[in-house]
Amino acid sequence: MFTNLISKIHDCSRAEDILHASVESVKQALNCDRALIFSLQPQSMGRVVAESVNLGFPRAFDTTIDDPCFQARHIDTYRQGKITTIENVREAKITSCYVEMLDKLAVKANLVVPLLLPDGELYGLLIVHQCSHPRAWKPEEITLAAQMAMQIGWALDNAVRWSECQRIQSSIDRQHDYNDLLTVASQKIHQGTTRAEVLQIATTQAQTILKADRAIVYAFDRPNTGRVIAESTLPALAPIRGITIEDPCFEPDYIDKYQHGGVMSIDNIHQAGIREYFVDNLVKIAVKASMSVPIVGSQNELFGLLVVHQCFDYRSWHDVEVDLLRNMAIQTGLAFTKAHFQEEITVMKSSLKRAGLVKETITNADTQIQHVKESLTSSVQTLDEAKHLMRLLSHEVVSLTQKFSSEDINLIRIIAKKLQSNTESATMGTLSLQSNIAELETAIDSAVKVYKSRKYN
């Protein structure tokens, strides 16, 4: 029977199940009215963490007992393996408060065995109660209780170790899952072709992977002031993209920390010990818990923060989640810098293209000017000949006045003056055209110099 009972205890993997199977097995093995396990708690307190009791007797499960004297008087003796027995509560030499406590549970006799873990640490007490009548505890019963307590201690230690292994394995599995998610998120972030697109992808990935209510990028505008420039949020929340948040205490409190790669994780904004002004800002946008990591832009400057918000409940952030968001911010900074450089390259290419068009325009204008200058040279020669002919005509008019009538002479003079006027107008137009060409050549020379300076710079 002992072997079967111990097997039931060791078949359990969770501490709660071990405790429940233990009291059931002890009660069955000793044929008593109640078996319970009393677990020691901090600050001189203890709690009944498992109980099996016959019908008709009070239940003690989950009862908390505060007895400062217990720690002082008995803890060391139980740690050394002391076992106590009471065959009849009414005849035992015990304190009145202890009798009162046993009476509340209808105890007539009891057996108390220390529950030690393999490393010698006292977990608590295995307690057996006889409630229907007093009972003389036989040596073999005491030995059986001690043996079962030892097995319970081993089983509890195994359960703790198994639970720790499970916790570590779960953490490893979660880390692997996050690593896979980080790889996919990084690829998507680096697919962004502009800075705005990179930041929007980053917030979407952060909110999705961490299952947050909101993710934002908070960019620093000026000292103590920032602006939300990218956001991914649940539909139930009002958008906050574009809002400016001022905090006069931000820079002296946090900026240096972020510049050195620090992270701020807040599980509960009302219990985080942060400044009231900061809490008020978070309350305005319905934040209950948050985590912020720095984004470093070009030239290794702090650009802003990648932030996730929990708005509908408080949240404890795990280390793997902090590492994930920090790594996402690093990838965001790299992709942001790459997109920044790409945008500058695009602008430079556009400038070079415009410069090429300017060069082509200058070349065409220069060719046209050469054609105009050639025509102008020919026109100047023609005007010079016209001026010479006008001088000859004037000389001939004087000679003709002696041979023709006055009417003929007046007509000749009118024609001569008209020719002279036209010649002078043509001369002025030619001089003006020469001046305009000179100014145009100066403008073209200046444009060429500007083009060459941009080309080589």
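Along the sequence shown, residues carry numbers from 1. As the structure is a computational prediction, the values presented were derived from the model and not from experiment.
By the side-chain contact (heavy atoms from CB on, under 4.5 Å) test, F61 pairs with E51, R59, sequence neighbours left out. Under the side-chain contact (heavy atoms from CB on, under 4.5 Å) criterion, M150 pairs with W154, sequence neighbours left out. Judged as a salt bridge (Lys or Arg N to Asp or Glu O under 4.0 Å), and not counting sequence neighbours, D267 has no contacts. Scanning for salt bridge (Lys or Arg N to Asp or Glu O under 4.0 Å) contacts around D103 gives R90, with sequence neighbours left out. Applying the side chain to side chain donor-acceptor pair (under 3.5 Å) rule to Y314 yields no partners; only residues at least two apart in sequence or on another chain are considered. Partners of E197 according to the side-chain contact (heavy atoms from CB on, under 4.5 Å) rule, which considers only residues two or more places apart in sequence or in another chain, are T193, T194, I201. In this structure, the salt bridge (Lys or Arg N to Asp or Glu O under 4.0 Å) partners of D17, at least two apart in sequence or on a different chain, are R14. In this structure, the side-chain contact (heavy atoms from CB on, under 4.5 Å) partners of L282, at least two apart in sequence or on a different chain, are I269, I274, F278, V287. D323 is linked by a side chain to side chain donor-acceptor pair (under 3.5 Å) to R326, counting only residues two or more places apart in sequence or in another chain. Checked against salt bridge (Lys or Arg N to Asp or Glu O under 4.0 Å), D180 has no partners two or more places apart in sequence or in another chain. Looking at residues two or more places apart in sequence or on another chain, you find a side chain to side chain donor-acceptor pair (under 3.5 Å) between N54 and K27, D33.
Between E321 and R315 there is a salt bridge, since a side-chain N of the basic residue sits under 4.0 Å from a carboxylate O of the acidic one.
Applying the salt bridge (charged side-chain N to carboxylate O under 4.0 Å, His left out) test to pairs two or more places apart or on separate chains, those with a residue in residues 153-163 are D157-R161.
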task: Go through the steps for R47 and D62 under the test salt bridge (charged side-chain N to carboxylate O under 4.0 Å, His left out), then give the verdict.
output: CA-CA 6 Å; R47 186 169 65 91; D62 206 29; 2.7 Å; yes
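Taking the six-membered ring for Trp, F303 and F336 have ring centres closer than 6.0 Å.
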